[in-house]
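Every value quoted in this text rests on a predicted model; they were computed, and no experiment measured them. Side-chain atoms are counted along with the backbone in the values below, which use heavy atoms only and exclude waters and symmetry mates. Just so it is clear: chains get the letters A, B, ... in the order the sequence lines come, proteins before strands, and each one is counted from 1.
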2 protein chains.
Amino acid sequence: MAEELIKALTKDSYDVSQLSEDERLLLAEIKPQRLHFEKDSVVFREEEPANYFLLMKEGICFNHRHLEDGSRQVMDLYFPGEVIALSELPLEAHVSGLTTLSDAVILAYDKAEITEKCSRTARLSRLFMELLFREQAILTERLVEVARHSANKRVAHFLLDINQRLPPSTKLLHHAGADALSACCSPKSLTGLSNLVGIPQVLIADALGLSIVHVNRVLRQFKEAGWIRIRSQGIELLDIDALKVAAGWESEGEARSILHNQHGALNGDTARSHVKDNQ
Amino acid sequence: MAEELIKALTKDSYDVSQLSEDERLLLAEIKPQRLHFEKDSVVFREEEPANYFLLMKEGICFNHRHLEDGSRQVMDLYFPGEVIALSELPLEAHVSGLTTLSDAVILAYDKAEITEKCSRTARLSRLFMELLFREQAILTERLVEVARHSANKRVAHFLLDINQRLPPSTKLLHHAGADALSACCSPKSLTGLSNLVGIPQVLIADALGLSIVHVNRVLRQFKEAGWIRIRSQGIELLDIDALKVAAGWESEGEARSILHNQHGALNGDTARSHVKDNQ
DNA sequence: CGGTTTTTTGATGGACGTCAACCCAAGTGG
DNA sequence: CCACTTGGGTTGACGTCCATCAAAAAACCG
């Protein structure tokens, strides 16, 4: 029953993908509650006590924070199989609210139980660490993203990111089944056709820190370029490659191979090279 | 000898501040290398193999990434007692470079040794988790910060943040000893006088994703308002309260008390309240 | 003291927010 | 079946913030 958890924790993990039999047994003891929500319902609010470790089972939701000025910052979206608001796990109370974007099923594990199990086996907590590290990497990426890139790039990046994380089942919502599949599965990601479920534009705006008006403008540009199509409450990606170019995607992440091996001081050299490689 | 590590790991930690005797012994076995660097030297570069867990002992340094367009993103600054680039711990190679801003001493722990020790005791890895969670919280804060706030706010925030993390010893660089101390130690942070060591403006710009020209303009505004004074290669904070107002500081972080307890669905209620609390 | 960075300042333009409409689809109640 | 509402999306006019370009001034470094 807790296979869900194991799957989530080991999802494309680097190397720690298999647990010992002991650990499997430990985990299997944890029974989650299975919670159903309808579209647009509030799972929890900011400042509310946080007692559960949450795992997205079906549907989509997002967490958000309200700022002093009344605006809203969308922190992240969550898709099936993803851990929800991991960074709030150790907190007594939530610092962000969680709202569903569609009908959804969420698995709720008792937090105390989890941490108890964790402290029992070092291996398990290392899995969590793994997860944390991955989250951090993503956050860092997003930070750079938001700090440096234009609205166009941000929106393109956002669309691609969402599209990538969107599970195939959800993608096939409309027609275009084969195309969507090939577009998402082929490593070369040929210009395909895929679909985003009802993500309102205001959400994109709040996620990227842009005004809804400007998001709309950008989307219109994309539409006129033939890269996307806009349906009621949803965006269809038509030309993924073009979007990748617009986003400056450069197959980031995995492609950081170790190329120029001029070493810094830690690896031998002691050059006093000033920090002027930029521009 | 590894007391340094313990101190860093437990620094204002929530509750896991003390280790068992066993764990202390385990840690004490890890002997760091003590590395000395002079100002503006490169500790490591991007893409370089990452073999050490680094702890700032003396001085200041920062890590940074080079973007496609040739510009530089400063990821974070590190002050004495802080763990360096924690998020890169599990990575084979660094994704950011590290450069010193002043003469510096860095403690380097063998990574393999650390992780080995970690997997031996669950408690120790929980400490690391603690650290990771804290980093995440900070990153999240920064994300919101960068996404939503004006240059003025960002700069003000940056100055305050740095000022807070700057250890007293470094602050006393010039004169103004007593004032600096009271300004940093008193909880009410009365309008005081403190000092930032040689942080070039270009670094602020690269950290905040602003142009150096604009950073300079903002600083000039602050100067003309009498909030800061600019010395060669350094900025002195004169009116911290005014800066806090400018930054929209609102004593963030700790002050998030649990106030309005209207519960979301997870805590009983099942209201279908739409997501329209903003604006 | 010249060369090299940093800081400072001005002028100009583009990107993006704000305001204010209008459109359109989906209810909702009569 | 139709008026009315309601919430999102769409569009234009306009202003602000901030990047860019360019160049002077100041600080630094041998």
TODO: May I ask you to evaluate whether A/Asn216 reaches the phosphate of D/dG9, defined as a side-chain N or O under 4.0 Å from OP1 or OP2?
DONE: no

Task: Terminal helix-axis angle for the helix from C/dC1-D/dG30 to C/dG30-D/dC1, with five pairs defining each axis and rounding to 10 degrees - done: 40°

Open item on the list: For B/Gln136, give me all partners under side-chain contact (heavy atoms from CB on, under 4.5 Å), at least two apart in sequence or on another chain.
Closed with: A/Ser87, A/Leu132, A/Glu135, A/Gln136, A/Leu139

- [ ] Can you tell me the distance, in whole Å, between the CG atom of B/Asp206 and the P atom of C/dT6?
- [x] 11 Å

TODO: Would you please name every residue forming a side-chain hydrogen bond (donor to acceptor under 3.5 Å, both in side chains) with A/Gln73, sequence neighbours left out?
DONE: B/Arg148

TODO: State which residues pass side-chain hydrogen bond (donor to acceptor under 3.5 Å, both in side chains) with A/Ser96; sequence neighbours excluded, sorted by chain then number.
DONE: A/Asn63, A/Glu88

Task: Length of the CZ-P vector between A/Phe222 and D/dG9, whole Å - done: 16 Å

Task: Atom pair distance, as rounded to whole Å: CG in B/Leu203 and C1' in C/dT5 - done: 15 Å

Task: Interatomic distance, B/Gln201 CD vs C/dT5 P [rounded to whole Å] - done: 17 Å

TODO: Mind checking side-chain hydrogen bond (donor to acceptor under 3.5 Å, both in side chains) for A/Asp103 and listing every partner two or more places apart, or none if nothing turns up?
DONE: none

Task: Atom pair distance, as rounded to whole Å: CG in A/Asp40 and C1' in C/dA26 - done: 14 Å

TODO: Any salt bridge (Lys or Arg N to Asp or Glu O under 4.0 Å) involving residues 207-219 of chain B? Give me the pairs, sequence neighbours left out, ordered by first then second residue.
DONE: none

Open item on the list: Can you measure B/Ile228 atom CD1 to C/dT7 atom C1' for me and round it to whole angstrom units?
Closed with: 13 Å

Open item on the list: Could you tell me how far apart A/Ile230 (CD1) and C/dC24 (P) are, to the nearest whole angstrom?
Closed with: 15 Å

Open item on the list: Please encode protein proximity along nucleotides 12-20 of chain D as a string of B, S and -, counting only heavy-atom distances under 4.0 Å.
Closed with: BB----BSB

Open item on the list: Quick check for you: to the nearest 0.5 Å, what is the distance between B/Ile106 atom CD1 and B/Met56 atom CE?
Closed with: 4.5 Å

Task: Between P of C/dA15 and CZ of A/Arg148, the distance in whole Å - done: 17 Å

- [ ] Just jot down the ring pair (Phe, Tyr, Trp, His ring centres under 6.0 Å) partners of B/Phe222, sequence neighbours excluded, or say none.
- [x] B/Trp227

Open item on the list: The criterion is side-chain contact (heavy atoms from CB on, under 4.5 Å); which residues satisfy it with B/Ser102, sequence neighbours excluded?
Closed with: B/Ile60

- [ ] Ignoring hydrogens and angles, tell me if any N or O in the side chain of B/Thr99 forms a donor-acceptor pair with the backbone of B/Val42 under 3.5 Å.
- [x] no

